[in-house]
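Data block below; observations after.
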Amino acid sequence: MSDTTDVEDVESFAARARAWLAANMPRPPDESRRDPSDDSDEEELRRVARSRRLQRLLYDGGFAGICVPSAYGGQGLTLAHQLAFNEEIADYDYPTETQLPTFTPCLPVILEFGTEDQKNTHIPPMLRGETAWMQLLSEPSGGSDVAAALTTAARDGDEWVLNGSKIWTTGAWWADWGLCLARTNWDVPKHRGLSVFMLDMHQPGIEIHRIEMLNGSREFCQEFLTDVRVPESLRVGAVDGGWTVGVRWMLHERTVLGQSPYVTGEPVRRRLGQGPGGGVAPLLQRARDLGLLTDPKASELIGEVFAMSVVGSTLGSHIAEGIRTGRLAEDAGAITRLYVGTSAVRNASIAFELAGLSAIAWSDSEAELGKRGIDYLMRQAACIGGGTTEMSRNVISERVLGMPRERAFDRDVPFRDVPRSAPQR
Amino acid sequence: MSDTTDVEDVESFAARARAWLAANMPRPPDESRRDPSDDSDEEELRRVARSRRLQRLLYDGGFAGICVPSAYGGQGLTLAHQLAFNEEIADYDYPTETQLPTFTPCLPVILEFGTEDQKNTHIPPMLRGETAWMQLLSEPSGGSDVAAALTTAARDGDEWVLNGSKIWTTGAWWADWGLCLARTNWDVPKHRGLSVFMLDMHQPGIEIHRIEMLNGSREFCQEFLTDVRVPESLRVGAVDGGWTVGVRWMLHERTVLGQSPYVTGEPVRRRLGQGPGGGVAPLLQRARDLGLLTDPKASELIGEVFAMSVVGSTLGSHIAEGIRTGRLAEDAGAITRLYVGTSAVRNASIAFELAGLSAIAWSDSEAELGKRGIDYLMRQAACIGGGTTEMSRNVISERVLGMPRERAFDRDVPFRDVPRSAPQR
Amino acid sequence: MFRAVGDQELFQETTRRFLEVEVPLAKVRDLAGTTDGYEPSFWRQGAQLGWTSLLVPEDAGGGSISGHGVVDLALVAYEFGLHAAPGPLIGTNVVAAALGRWGTDDQRAGPLADLLAGDAAGAWAHAEPAPNDGLGDLALTATRSGDGFSLHGVKSPVEAGRQAAYILVSARHESGPTQFLIPSNAPGLMIKPLHGLDMTRRHARLEFDGVTVPSTHLVGRPGSAGANIDWLLDLAVSIQLAEMCGALTWAFDTTVDWAFNRYSFGRPLASYQELKHRFADMKMWLEASCAISADAAAAMDRDQAQRSERVSAGKFYVGRYGPELMQDCVQMHGGIGVTFDHDLHLFLRRIVTDVPTYGTPGQHAARLTGILAGADR
Amino acid sequence: MFRAVGDQELFQETTRRFLEVEVPLAKVRDLAGTTDGYEPSFWRQGAQLGWTSLLVPEDAGGGSISGHGVVDLALVAYEFGLHAAPGPLIGTNVVAAALGRWGTDDQRAGPLADLLAGDAAGAWAHAEPAPNDGLGDLALTATRSGDGFSLHGVKSPVEAGRQAAYILVSARHESGPTQFLIPSNAPGLMIKPLHGLDMTRRHARLEFDGVTVPSTHLVGRPGSAGANIDWLLDLAVSIQLAEMCGALTWAFDTTVDWAFNRYSFGRPLASYQELKHRFADMKMWLEASCAISADAAAAMDRDQAQRSERVSAGKFYVGRYGPELMQDCVQMHGGIGVTFDHDLHLFLRRIVTDVPTYGTPGQHAARLTGILAGADR
C-alpha cells in the first residue's frame, strides 16, 4: 500500500497500541459473554450504540482502518499491523456489532470498485462509527446460488428502481447502508446481467421483516424492496458487471474466518470450537458434577471437543500460510469454513449427549443444560450460515484440488430462460 | 410358473423336505465355520467337489432347481417352496461353492434368454452339480461401468473370436463354464454394441491369473482372453442386444442379497452382520476376558454390533415385502446392499477397536485378535465387492426415489469415441 | 410404511383422517402456546376411536383391533408422529396396560375406566434425574409406613406429569422393585412443570418428599415389579419407535419434495449427486428404522424371549440414525429449515426429545450386551 | 506439507532423495520378506544424514539442524511416512533422547554413541498387553535385588524389539516409575517376535521373568521417571504424527491422481460430485492433520506447558480421521485398492498400526480431559 520504508515497524506500532489501549480502551463488560440469542432488541441497540462509540474512540486514537489508505481516513499500514493490533486489543472491549459486514466485505468492495467520490463519501463515516452497513446478497429463491438474483434494478433516467426481496441479512433493522446485488439484464447469462448498488436503508420502499429462528433468535432479517429509487451515483462497478464485484465481495466475506486486513478484534481462530455446544467448560463442569471425569465414555467425548478446538486453532494459520506461500489456492479458506461447520456439529451433538435428559426437559436451574438441547436443534446452522458446507466442498474440490466443475444448466443461457424454483408460498 | 392348483402346497412340501433331509443330508462339517481366506487350494477343490456331490444328492432327491421348470430338470415350484426349503436345510450341509454364480445369475439368464436348445443342453448339468459357472462381467478398465466392456467379440464365419480381459471372477480356476459380456460393435453407443456368450472355460486361449488380496486371499481371478473362439450356437440373446441380457443379469445378481428363487441354502438374512469383524461372539468373549462387559464404552460398542445385525435381519424381508406390494421399486434391493456394506464397515471398525494392540501385532495365541486387524485392512471390501455402495446410492436415488440421473458422457456417442481411462500399467 | 393388515387398515385410516382434521400443523402450533398442549375433547374423541383400549384385555373394558394390540397401537403412534400430534399417548397406554395386567378390581373400575373413556390421562413416572438416569436405576424409595408406604425421591422428566390424573410410579422397596398408582393430587406430591424442547408435549418433575400412599395404591405385590417394569420399558420404547418412524417419514417426504422443486444453478437439488447419495442413506435409515420398529412391536405382541433384543436394537438404531436423518433434512432446506415458521422443527423437536427418553441409544446398546452376556454365559 | 525452513530444506530434501533411491516401494516389498525389515547399511547411512542425532545435545555427540530438534526429526518422519520407509526411527530416537537427557556418562559413551553412529538400534519398551494397556498403566515391576534390580512383567508390542541392541524399559518401582536401559542380550530376557499388520516394521513381545539388571542400567534415579516417561510419550507421538501425515499425503495424492485418470461412464471419477465432496473432506482432514502435527512438534521443542495438549489433540485427530481418509482412498480405488499388488496397503498398514500405538485416539482424548480437569480445578 505504501513504500515499506515509510511504514512504522510492527513492533513499535504494537507497543504504541498497547500503551494507547491501556490508557483509553475499556475492558469488556461481563455481559459480553452472554448468548446473543437471549438479547432483547433494546439490549441489541445498546450494544450497537456502544460499538459505534468504541469505533469512534479507535478513529480518534488513530487505530481505525489500519489497512485503509490514509486518503480515506485510515492508517495506511499492513496486515501485519492489523494482526498485531488484534493481539493487543484481545483483552479489551472493541466494536463487535458494527464490524461485520461493515468492515468486511462492504468496505473493501467500495475500496476496490468505488469511484474516488464514492470512497471519499462513504469510507470515512464507516471508520468513525457513523454508518453501519449490511449486505443485501442472498434471496429467498436462491439458496447458495447467489448469482441467480431475481431482485431487479430498472433504469429510469438518472435513477434505478429496485424491486425484489433479500434475506439472511444480519442487523438490517438498525443498519444505515446496504450493498445490494441486483439484476439489471435478464437477456444475458446470469453472471453477466448483475449490478451492485449502495442503498440508503432509511429511505421509503424498504420494508424489513425480522425472521424468527426456531431457537427464538431474531438476528436475521428479510427485506422487501418496492420501487426503491437509487441514484446512478450510488452504483458500484460497471452496469451488468456486478458479478466481478460479487466474486471479490464473497472472497472478502470468506476472509472473516481467515485473517481479514479490515477487521479489528480478537482473531477469529481463538473463537474456533466455541460454536453451538458452548465449548468445553460446561461439559467439564457437568462431568465433574456427575462424577464422570474418569468415565471412559464421557472423558473421551469431552476430550474430543477440546481436541477439535485445539486442532481448529492451528488450522486457520496453517491454511493462511499455505495460501501465502502459494501451496494452496486463494479459495482454500473454504477448508477452514468446512472445519468450523463440521466440528461445531460434532460438538453440539456431544454436548447434547452429555447433558442427558435435562437437555430435553429442564427446570429453571437447569437452563444451561436446556441450552444444549436448543443448540442441538440449531446444530446445522453452523453448516448453513455464511455459505453452506456443501458449497465449501464444491470450492475445495473444484478450486483447491482443480477437479471438474459441476454441470450448471444456467451457463450461456439468457437468465430469463433458466429453470428455477417455483415461487415461495 | 404353473397353475396353482397343480402345485403341492408349501406345508406338505416342507414336511416332505424335512423328512428327506433327515434321511439323506449330512450335517455341516465343523470346518465350515473356518475363514475361507485361510483355505489352501487343495482345501478349496475339496469343498468344490463336496458341493458337486451335495448338489447331485439334491437332484436325485427331487429338490434341485425348485423354481426351475421341470422340462429342464427342475421342480416347477414357487419361491415360497424354495424359501421353505431353505428354512429346512439351514442346519444341514448344502452346496456352497457351486451355488453362486451358477444358480444365480447364470441359470436365470439362460432361462430367460437362452434358446430351447441352450436350455436343454446347459441347465440340467447345472442342476446335477456337473457344471459350475462363473460370470465374466467386470473389466480392469471399467470399475462400476459394466457396459463399458472393452473385451471384443469379432464375427468370423460361424464363430466369434474373443479378445480382452475380465476381472473379479470368483472360482474361475475351477469353473467349467462362463457367461461373458463382450463388445460386438464399437460404432454405436455403449449399451447398443454388446452381446453375451457362453464360454467353455476349458478351451485354449483363456489364461487365468489368481489375484492376491492384501489379506492373502486368492479367491478372485483375472482372465486374459486371446483369440478365444466361440461358436455362434453359444451366443445368448440378440447380437448387439447384450445389454438387455445384462440388465436382467445384474438384477438377478442383486437378488443374492434378497431372496432368489434359484439359490438353495441358509437365507442370506441370517448371515447379515457376520461380515468382516467376525460377528458379535468374539467381541463378547474379548470383553469378558478383559472384564469389560459393563464398561460403558465397550458394552455400547458390542451392543451396536449386535443391534446392527438384528436390524439387518429385519430389513431384508421388509424391503422384499415393499417390492412385493409395489411400495418400492424393484431395484430397492440396493437398500439392503447398502446396509450390508455400511454396517460391515462399522462392525469391522468396532472389532478392530476392541481388539486393542493385539490387532496390530500378535502372538500365535492371539491370532483371533490379529484377524480383527486384517479384517480392518480389508474393511472396504464390503462396500466394493458385488457392486460398490456408490452404485447402490445411485440406484436408490435414481430408481427408488426417482431423482434425475447422473449425466453420462457416453450416451448417444459411438463407444469408440467415449473418453476412457488410460490403459492400466 | 408400517403395514396395516385387515381391520387395521380402516383403523389407521380413521385415525389419520381424525388427526388431519383435528390437529393440522397450524392447530399444533396454536396448541403449543397452551398449558397442556392438547384439548380434553380431542383426547376423549381419540379414546372413542380406540387409542387407549388396545393394550387392555376385553374383560377389563379394553380390546385390540387385530388381536395384536401393540401393533395396533404402533399404527396410531406412527400417525401421531406423522402429524406431530399432541396428546398423552404413551403414558396413558403404559398406565392402562399396567392396570389391565396387574391392577386390582378397584383400580380397573376407577382409574382404568377413566383412562379408557379418555376422561383422564396417565403418566409413567419412571425416569429419574442424573446421576440415577441409567437404564435399570431406581433410587426413589418406598418404605412401610403404617398401613401404607412412604415415597421419597424424584421422578423426572415425566411426560404429561401435570396433565395426568393417574401416575404410575416405580419405586425401590426393600423387597425389590415396586409399583404404585397414585392420583396426581396425592397429598405432598410436588409436580413442577419443566421447560422442554418439544412444543407439543409437556414434561414435569415430580418430587416425593415423604408422600404417603395406602396399600391399595400398589400395582402388583411389593418387590415383584422388576420384570413388569422391564416389560413396560419395552412397551414404551416400542410405541415411541413407531412414533419416531412417523415423524421421520414426514421429514423425509417433505425434504424429497423440496429437493425436486428447489432449483439451484438451474438444476433441481435432486439432481446433485452428493445430495442424491445422502438421500439414499436417509432412505436406508428410514426403511431400516421402520423395519425394526414394526418388528419390535410384533415381538411385543408375541411376547417373545427376543422381545427386548428387538426393542433395544430398534432404540439404538432409530435413536442413532433418526436424528441424523432429521438434521440432514434441515441441512437440505438451508436457512429456512431452522426458522420458526417452517414446520420441520416440530418434527425435529419430537425426534430429539425421543432420543434420550426411555433410555438413550447407548444405554440400549449396552443393554443388548447385557442380554447377550446373560444368554451366552 | 510440513514446512521446512532454512537449513531444514536441504536436510529434508537430502533425506527424501536418499529414501527414493534406497527404499523405493519395490525395495520396501522385498524387505518386507526379511526378518528385520531393513538393512544395517541403510540405517548407518541414515544416521550419517543425521536421523539419530537430532534430539541429542551437542556435548553428547548429537546436534539438531535448526535448533528445533523435534521439528527437524518430524521432517524425517514425514518423509518416512511418504515413502513407507522401514527402519527403527521412533524407537532409536526415543532411546537416544532419553540417554542424551538423563543418561550416565557410561551410557552416553557406549550405547548412545552406537545409536548416533547408526551401528545399533534402540527400542522403547513401554506398552504392556491388555488389560494393562491404558495410558499411564505400568505393571512391570522393578524390585531391589542385591546391587541391582529384578524385573518382572511383559512389554508388548515393542517396535524393533528384536532388532534393537538397546532397550529402554519403563517399570514400576516402590518409589515410583523408573527407567532402565538394558542390552537386548540381557540374561533371562525373552524376546518373542510377533506377527504384525505393518510389512515394513517388526514388533516383539518382551518377557521379563526375573531379569536381573545392575544399577548402572538405571536411566535417572529410581522413582523419578514419571514426568520423563510422559515426555517420551509426547515425543514418540509427535514423531509418529509426522510419519502418519507423510503416509496420508502419499495416499491422498495418489488417489487424486487416480480420480483424474480413471474414467467411468465417460467421465473421470474426479467429475462426480459425491466423490468430489469426499475429496474435500479428505483434504480438510489432511490439512488439519498436518497443521496439528506440525504444531505438536513445535510445542515439543518449546517444551511448553501446552505440549501434551497439542500432542494428544493431534493423536486424537489424526488417529480418528487418518484411517478414514485411508479407507476412503481404498474405496475410491475399488477392488484394486485391496489387492496385494497395489501399493496403497503399504501405507494403510502403517496408518492402521499407528492408530493404537502409543495410545489410542480415545485414550488421548481422555488424557485431554484429565489435563483440562487438572488445570481447571
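Just so it is clear, the model here is predicted, and its values are computed rather than measured. Chain identifiers are assigned alphabetically (A, B, ...) following the order of the sequence lines, protein sequences preceding nucleic acid strands; residue numbering begins at 1 within each chain.
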| task | Kindly assign one of parallel, tilted or perpendicular to the pair D:H333 and D:H342, based on the angle between their ring planes and the thresholds 30° and 60°. | result | perpendicular
Discussion item. Main chain of D:V70, side chain of D:D301: is a donor-acceptor contact present, judged purely on distance under 3.5 Å?
Written reply: yes
Applying a strict 4.5 Å limit to non-hydrogen atoms, the region of A:S392 in contact with chain D is neither
#### Entry: Criterion salt bridge (charged side-chain N to carboxylate O under 4.0 Å, His left out) on D:K283 and D:E287, from CA distance to verdict
CA-CA 6 Å; D:K283 178 69 172 169; D:E287 291 290 337; 2.9 Å; yes
Check: Between the main-chain N or O of D:S66 and the side-chain N or O of D:D72, is there a donor-acceptor pair closer than 3.5 Å?
Finding: yes
If one checks every heavy atom of A:R407 against chain D at 4.5 Å, the contacting part turns out to be neither
Residues 233-243 of chain D vs chain A, non-hydrogen distance cutoff under 4.5 Å, contacting residues -> none
Count the heavy atoms of every other residue, nucleotide or ligand shown that sit under 6.0 Å from CZ of D:R17, and state whether that count exceeds 12.
no
Keeping D:S293 on the side-chain end and D:C290 on the backbone end, is there a donor-acceptor pair under 3.5 Å? no
Does the plane of the ring in A:H191 sit parallel, tilted or perpendicular to the ring in A:W243? Use 30° and 60° as the thresholds. tilted
Residue from D:S271, D:A296, D:S289 scoring the most non-hydrogen pairs under 4.5 Å with chain A is D:S271
Whether over 12 other heavy atoms sit under 6.0 Å from D:D137 CG
yes
The interface call for A:T325 against chain D, heavy-atom contacts under 4.5 Å, is side chain
So, the part of A:E321 with a heavy atom under 4.5 Å from chain D: the answer is side chain
So, the part of A:I319 with a heavy atom under 4.5 Å from chain D: the answer is side chain
If one checks every heavy atom of A:V395 against chain D at 4.5 Å, the contacting part turns out to be neither
Are side-chain N/O atoms of D:T15 and D:E79 paired as donor and acceptor at under 3.5 Å? no
Tell me whether A:K190 is salt-bridged to A:D145, with the criterion being a basic N under 4.0 Å from an acidic carboxylate O. yes
Worksheet item: Any sub-3.5 Å donor-acceptor pair from D:R350's side-chain atoms to D:G81's backbone N or O?
Response: no
For A:R411, I'd like to know if atom CZ has over 12 heavy atoms of other residues, nucleotides or ligands within 6.0 Å. yes
Sorted by chain and residue number, the ring-ring contact (aromatic ring centres under 6.0 Å, His included) partners of D:F80 (sequence neighbours excluded) come out as D:W51
Would you call D:E128 and D:R172 a salt bridge, taking side-chain N to carboxylate O under 4.0 Å as the test? no
Practice prompt. Answer yes or no: is there an ion pair linking D:R278 with D:D281, defined by an N-O contact shorter than 4.0 Å?
Written response: no
Contact list (residues 360-369 of chain D to chain A, heavy-atom gap under 4.5 Å, by number) returns D:G362, D:Q363, D:A365, D:A366, D:L368, D:T369
Ignoring hydrogens and geometry beyond distance, is a side-chain donor-acceptor pair present between A:D289 and A:Q285 at under 3.5 Å? yes
Stepwise side chain to side chain donor-acceptor pair (under 3.5 Å) check, A:Q82 with A:N86:
CA-CA 6 Å; A:Q82 181 68 60; A:N86 291 349; 3.0 Å; yes
When the 4.5 angstrom heavy-atom criterion is applied to A:D295 and chain D, the contacting part is neither
Among residues 311-322 of chain D, those lying within the under-4.5 Å heavy-atom range of chain A are D:A313, D:F316, D:Y317, D:R320, D:Y321
